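Taking it in order: structure first as C-alpha cells, then the write-up.
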Amino acid sequence: MAQERAQAAWQSAPFWSGVRAALPLLLGITPYGLAFGLLGPTVGLSAAGTVAMSAIVFAGSSQFVALGLLQSGTSYLLIVLSTLVVNLRHLLYAGSIAPYFRRLSPPRKALASFLLADETYAVAIAHFRRPGASPAPEFYLGLGLTVYLDWVLSTAAGLAVGGLVPDPTALGLDFALPATFIGLVVPQLRDRAAWATCAVSAAIAILARGLPGRLDILLATLVAATVGWGVETWRSRS
Amino acid sequence: MALALLILGMAAVTFLTRGLPIAILSRRTLPAGLGRWLRHIPVAVFTVIAVQGTLAPTGEFHLSLGSPYIWGGIAAVVVAWRTGNVFLTILAGLAGLWLGRGCL
C-alpha cells in the first residue's frame with residue numbers, strides 16, 4: 001500500500017513537470033560540475049573523493065571554496081567551518097520554502113532538504129508562488145533530483161576529461177579555480193552593497209593573508225558581509 | 001580516511017543549514033535583518049578566493065604586472081563583466097595567463 005502510494009507520487013504529473021523545469025538549469029549547472037571534476041585532482045583530491053564530494057555534499061559554492069582551501073593547505077576542521085558559513089544562506093531558503101513541504105513525510109522532508117540548492121530553491125519558489133499554480137512538493141522533488149543527477153554525472157565527466165591532461169599546473173589549470181570565482185562574483189556586483197562587500201573582502205584578503213588556519217577567509221567573510229548589510233540598510237533608510 | 005571525515009563533515013553542516021528550518025519552521029520565517037545579512041555572504045567568500053588566487057598564486061603576494069596571474073585575472077574580470085558566463089571567464093583567465101607567460 002505504502003509502496004503503491006510512493007509509486008503513484010513518483011509517477012505523478014507534478015514530479016515530471018519538475019523534471020522538465022530542471023532541464024534549462026542544466027545548461028548552467030553542467031559547466032560547474034565539469035569544472036569541479038576537472039579541478040578536484042589539481043588540489044590533490046582522489047577521483048573517488050571528488051565524485052563523493054559532489055554526491056554526498058551537493059553544494060557547489062562550498063565545494064569550490066573547499067577546493068580553494070585544500071589548495072592552500074587549510075585544516076579540515078576549518079574547511080568544514082567555512083562550509084557552514086558559506087551555506088548559512090540555505091537557512092534563508094529553507095525557512096521560506098518550508099511551508100510548502102508541510103505535508104511531506106519525514107524521509108521526504110529529509111530528501112527535500114538535501115536537494116535544496118541555490119538553483120532548485122529559486123525555480124521552485126518562483127513556481128510555487130505563481131498565481132493559480134498548485135504548490136505540489138513533488139514538483140520540487142523532480143526538479144531537485146534532476147539537478148542532483150546532473151551535478152554528479154558532470155563531475156564524473158569532468159574527472160574523465162581532466163585525466164587526459166598530464167600536468168595541470170604547466171597548463172596553468174591552477175588558475176582555473178580563481179578564474180571560476182571571478183566568474184561567480186563579478187556578475188553579482190550590481191549594487192553599492194555588493195561593491196562594498198567585494199571591496200572590503202578584497203582588502204582583508206590581502207591584509208590578513210597568512211593568519212593561521214586560514215582564519216583570514218572567515219574574518220573577511222564576516223566583516224565584508226556585515227559591511228554590505230550595513231550599506232544596504234543605510235541606503236534603504238536614506 | 002581523513003578525506004572521508006572531511007566530506008562527511010561538510011555534508012553534515014550543509015544538511016543542517018538546509019534541514020533545520022524545514023524540520024522546525026512551519027509558518028514562521030527568518031528575521032528579515034538576518035536574511036539580508038546572509039545574502040551578502042556569497043560575494044564576500046568568492047572575493048577572498050578570487051583575490052588571493054590571482055594576487056598570491058603561490059602563497060606570496062606578487063602585486064606587479066610582471067606576474068602572469070595578474071594578466072589572467074584582468075582577462076577574467078573583463079570577460080565576466082561583459083558576458084556573465086563562468087565558463088567563458090575560465091577560458092579567458094587561462095588565455096590571459098598563457099599570454100602573460102609567453103610575453104613576459
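The model shown is predicted, which means the values in this text are computed figures rather than measured ones.
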>> Please classify the contact of B:I41 with chain A as side chain, backbone, both or neither, using a heavy-atom distance under 4.5 Å.
In response: both
>> Please classify the contact of B:V13 with chain A as side chain, backbone, both or neither, using a heavy-atom distance under 4.5 Å.
In response: both
> Taking side chain as C-beta onward, heavy atoms only, is A:T197 less than 4.5 Å from B:T47?
Replying inline: no
> Of the non-hydrogen atoms in A:F114 and B:F15, which two are nearest, and what is the gap between them?
Replying inline: N-CE1, 3.8 Å
>> Taking every non-hydrogen pair under 4.5 Å, which of A:T226, A:I79, A:V86 racks up the most with chain B?
In response: A:T226
> So, B:Q52 side chain and A:A205 main chain: donor-acceptor pair closer than 3.5 Å or not?
Replying inline: yes
>> Is there a side-chain contact between A:I182 and B:W81 in this structure, where contact means two heavy atoms from C-beta onward sitting under 4.5 Å apart?
In response: no
> Of the backbone (N, CA, C, O) and the side chain (C-beta and beyond), which part of B:I90 lies under 4.5 Å from a heavy atom of chain A, both, or neither?
Replying inline: both
>> I'd like to know which of A:A199, A:S46, A:A110, A:P106 tops the heavy-atom pair count under 4.5 Å against chain B.
In response: A:A110
> Can you check whether B:I49 reaches A:I217 side chain to side chain, under 4.5 Å on heavy atoms?
Replying inline: yes
>> So, using salt bridge (charged side-chain N to carboxylate O under 4.0 Å, His left out) as the criterion, who are the partners of A:E119 when residues are at least two apart?
In response: none
> Out of B:L5, B:V45, B:L16, B:L97, which one racks up the most heavy-atom pairs below 4.5 Å with chain A?
Replying inline: B:V45
> Quick one: what part of B:A4 sits under 4.5 Å from any heavy atom of chain A, side chain, backbone, both or neither?
Replying inline: neither
> Side-chain contact, heavy-atom cut-off 4.5 Å: A:V80 with B:L6?
Replying inline: yes
> For the residue pair B:H40 and A:A193, what are the closest heavy atoms and their distance?
Replying inline: CE1-CB, 3.6 Å
>> I'd like to know which of B:G96, B:G19, B:A11, B:A75 tops the heavy-atom pair count under 4.5 Å against chain A.
In response: B:A11
>> Going by the rule ring pair (Phe, Tyr, Trp, His ring centres under 6.0 Å), which residues pair with A:F128 if we only count those two or more places apart in sequence or in a different chain?
In response: A:Y100
